[in-house]
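To start, the structure itself, in structure tokens.
Note: hydrogens, waters and symmetry copies are ignored here, and every other heavy atom, side chains too, is used. Computed from a predicted model, the values in this text were never measured in an experiment.
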Amino acid sequence: MRAAPSTLTLAPCMAAWLALASPAASFAQQSGAAVTATTAATQQRLAQQSCEGLRQAVKDAQKGAATGPLFLPSYRMAGNDRGSQPPEPALVGAAYTYDNALAGIALLACGDAASARRIGDAVVRAIERDPHVADGRVRNAYRAGPMTEEKATLPGRWDEGRKQWIADAYQVSTATGNVAWAALLLLNLSQAEPSPAYLAGARKLLGWVEQRTRAKNDPDGYNGGWFGWDEAQRPQTWKSTEHNIDIAVAAAWAARAGGTAASGVQDEAVRRQARTALDFVGRMWNPAQQRFHIGTKEDGSTISTEGSGLDAQLWPLLAATDRSCAWMGALDWAQKHHRFGEGYGFSREPDGIWTEGSAQFAATLVARRGTAPEALWRLLASQRADNGLYYATPSARISTGLAIGPDSPGPDFFYYHWPHLGATAWIALAATGFNPFTGKTAAAGAIPSCPT
């Protein structure tokens, strides 16, 4: 779930990382070859287990329907979680679009293209058969399970005591970053499993982003999306660094893909979209501090300089744009300001480990330096629940400093100790070395090295 920014030659890479990460310094006492062998074995085992967890999530969600479009629940409690705080009712059976996009890409990385296509087909159907609008969007969440109805089904539940259907305003809304990640899933699928429907779906999503979220004030870029019930949705006028790097990558990828009779005109439009989004990301770069600002405040113009989001520091590096080498200092900044124990937290000076973000850090290290430290792989492995998913955090709860939506009384976006599809997918991506922004593995040269 995404929310608003309201306020293998491995030894040389391992040696470089050990010089940077003091908590992993004990590994410097081992030989480079030993570190490489141990780390590679741990990473390989984690790849196998996280991929198994995703495959099990597909089996558990399909409810006997072995084929057809499918959304996976974002949170699914394990048998040994009986003493944990239960998920909020709105989360039970909810399939967040971002989590499912990640899961689909990770299933490709795991070699399970058939399951990845099922999620991709669900996204295509959601675009084409929204229950209320037909403008090329996806919602932030859908009902988990096989898509057996004519229209895409939004989450919600019947409250017998109140005799009322209860839904969640954020889930039925559309955040720009979630649309971009849905497009990235379809582009990854189109590259691995060519289908006109996937590329056409990605183009529709990017068209919605352009038409509905393009900013009208400086700094340029794309706003946060639309929030609220269908009859009264209002624009989210803040801008997110994370959202804009997602758009930049997806639009550039769609332009390269071509694929229609009018693709020349369309390609130029999405190339402009990619430049617009990437230019915004560049304006969020603080060269003096060597880090990215998280985005703007509600007015869409004032840069939010106080907080930080770990993904906003990492994704511009993982995305491998032509500017990313100039931004590599963000990795050191995140190491200093987002570190928590052997892992990493969501916010600046965090109050706990964010499993998903820790996996993103590992994925960035694998892409950029060839490996991640043994301690980080072990930390990720330790979060495995007995249903095969991985916990969103080892803590009971961690904060992000962000608000879920404009109706929030304050920063109410938290992660809890619940088995989480998004965390599992990022672990699989990191451990397999698969880059969701390129559709390639690190071993295949997904990211060119930066000059030294």
Side-chain angles (χ1 to χ4, degrees), residues 1-7 74 90 94-102 123 126-127 130-142 152 154-155 167-186 201-217 219-251 270 273-274 276-277 280-281 284 294-301 304 309 311-312 315 400 402-408 411-413 422:
M1 180 174 70
R2 319 309 297 157
S6 60
T7 2
S74 289
Y96 282 94
T97 299
Y98 166 75
D99 295 329
N100 274 265
L102 283 171
V123 169
I127 297 168
D130 187 272
H132 302 298
V133 295
D135 61 359
R137 75 176 70 187
V138 287
R139 307 301 182 115
N140 290 337
Y142 294 93
L154 302 179
D168 180 87
Y170 175 83
Q171 291 177 349
V172 303
S173 301
T174 300
T176 305
N178 294 334
V179 178
W181 271 100
L184 283 169
L185 166 62
L186 298 182
R203 287 183 177 278
K204 285 181 182 178
L205 292 170
L206 290 167
W208 184 89
V209 168
E210 183 68 30
Q211 294 163 15
R212 300 299 305 275
T213 71
R214 177 69 184 267
K216 296 180 173 60
N217 58 345
D220 205 354
Y222 295 87
N223 295 331
W226 288 76
F227 181 88
W229 313 111
D230 284 356
E231 62 274 14
Q233 282 199 350
R234 54 195 188 274
Q236 301 297 277
T237 50
W238 45 267
K239 300 167 189 169
S240 162
T241 302
E242 175 221 309
H243 287 189
N244 278 269
I245 194 64
D246 304 339
I247 297 164
V249 174
V270 288
Q273 185 177 36
T276 297
F280 175 85
V281 175
M284 295 302 103
I294 198 169
T296 74
K297 297 186 178 181
E298 193 67 31
D299 61 10
S301 297
S304 181
D311 45 11
W315 291 3
T400 66
L402 304 181
I404 293 174
D407 296 334
S408 298
D412 58 352
F413 179 13

Pairwise distance [atom1]([X]) to [atom2]([Y]) - rounded to 0.5 angstrom:
{"X": "Arg137", "Y": "Trp226", "atom1": "CZ", "atom2": "CH2", "value": "8.5 Å"}
{"X": "Trp315", "Y": "Ile245", "atom1": "CH2", "atom2": "CD1", "value": "10.5 Å"}
{"X": "Glu231", "Y": "Gln233", "atom1": "CD", "atom2": "CD", "value": "9.0 Å"}
{"X": "Lys297", "Y": "Thr237", "atom1": "NZ", "atom2": "OG1", "value": "13.5 Å"}
{"X": "Asn244", "Y": "Gln273", "atom1": "CG", "atom2": "CD", "value": "10.0 Å"}

Mind listing the closest non-hydrogen atom pair of [X] and [Y] along with its distance?
{"X": "Ser74", "Y": "Asp99", "result": "OG-OD2, 2.6 Å"}
{"X": "Ser173", "Y": "Gly228", "result": "OG-N, 2.7 Å"}
{"X": "Ala183", "Y": "Ala202", "result": "O-CB, 3.9 Å"}
{"X": "Ala95", "Y": "Asn100", "result": "CB-ND2, 3.5 Å"}
{"X": "Gly201", "Y": "Leu186", "result": "C-CD1, 3.7 Å"}

Partners of [X] by side chain to side chain contact (heavy atoms under 4.5 Å, CB included), sequence neighbours excluded?
{"X": "Ala182", "result": "Thr97, Val123, Val138, Leu205"}
{"X": "Gln171", "result": "Ala90, Leu91, Ala94, Tyr96, Ala141, Pro155, Asp168"}
{"X": "Ala248", "result": "Ala277, Leu278"}

By ring pair (Phe, Tyr, Trp, His ring centres under 6.0 Å) - contacts of Phe280 (at least two apart):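 Once residues adjacent in sequence are excluded, Phe280 has no partner under the ring pair (Phe, Tyr, Trp, His ring centres under 6.0 Å) criterion.
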Under a 3.5 Å distance rule, please check whether [X] uses its side chain to pair with a backbone N or O of [Y] as donor and acceptor.
{"X": "Asp246", "Y": "Trp181", "result": "no"}
{"X": "Thr176", "Y": "Gly225", "result": "yes"}
{"X": "Asn140", "Y": "Tyr98", "result": "no"}
{"X": "Glu242", "Y": "Ala312", "result": "no"}
{"X": "Ser304", "Y": "Ile294", "result": "no"}
{"X": "Lys239", "Y": "Gly300", "result": "yes"}

Quick one: salt bridge (Lys or Arg N to Asp or Glu O under 4.0 Å) pairs with a partner in residues 175-186, sequence neighbours left out?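 Salt bridge (Lys or Arg N to Asp or Glu O under 4.0 Å) check on residues 175-186 returns no pairs.
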Among all residues two or more places apart in sequence or in another chain, which pass the side chain to side chain donor-acceptor pair (under 3.5 Å) test with [X]?
{"X": "Trp208", "answer": "Asp135"}
{"X": "Thr174", "answer": "none"}
{"X": "Thr276", "answer": "none"}
{"X": "Asp407", "answer": "Arg234"}

Would you say the side chain of Pro411 lies within less than 4.5 Å of the side chain of Leu402, judging by non-hydrogen atoms?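 Answer no - side chains too far apart.
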Specify whether Trp238 and His243 have parallel, tilted or perpendicular ring planes, treating 30° as the upper limit for parallel and 60° as the lower limit for perpendicular.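 Tilted.
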What verdict does the side-chain contact (heavy atoms from CB on, under 4.5 Å) test give for Gln236 and Asn223, after you've listed the backbone C-alpha separation in whole Å, the side-chain angles of each residue and the deciding distance to 0.1 Å? CA-CA 6 Å; Gln236 301 297 277; Asn223 295 331; 5.8 Å; no
Taking salt bridge (Lys or Arg N to Asp or Glu O under 4.0 Å) as the test, write out the residues that go with Asp412, two or more places apart.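 Testing Asp412 for salt bridge (Lys or Arg N to Asp or Glu O under 4.0 Å), a comparison that skips the adjacent residues, returns none.
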Restricting to salt bridge (Lys or Arg N to Asp or Glu O under 4.0 Å), what partner residues turn up for Arg139, sequence neighbours left out?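 In terms of salt bridge (Lys or Arg N to Asp or Glu O under 4.0 Å), with neighbours along the sequence ignored, Arg139 is linked to Asp130, Asp230.
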Residue pair Ser301, Asn217: steps toward the side-chain hydrogen bond (donor to acceptor under 3.5 Å, both in side chains) verdict: CA-CA 7 Å; Ser301 297; Asn217 58 345; 3.0 Å; yes
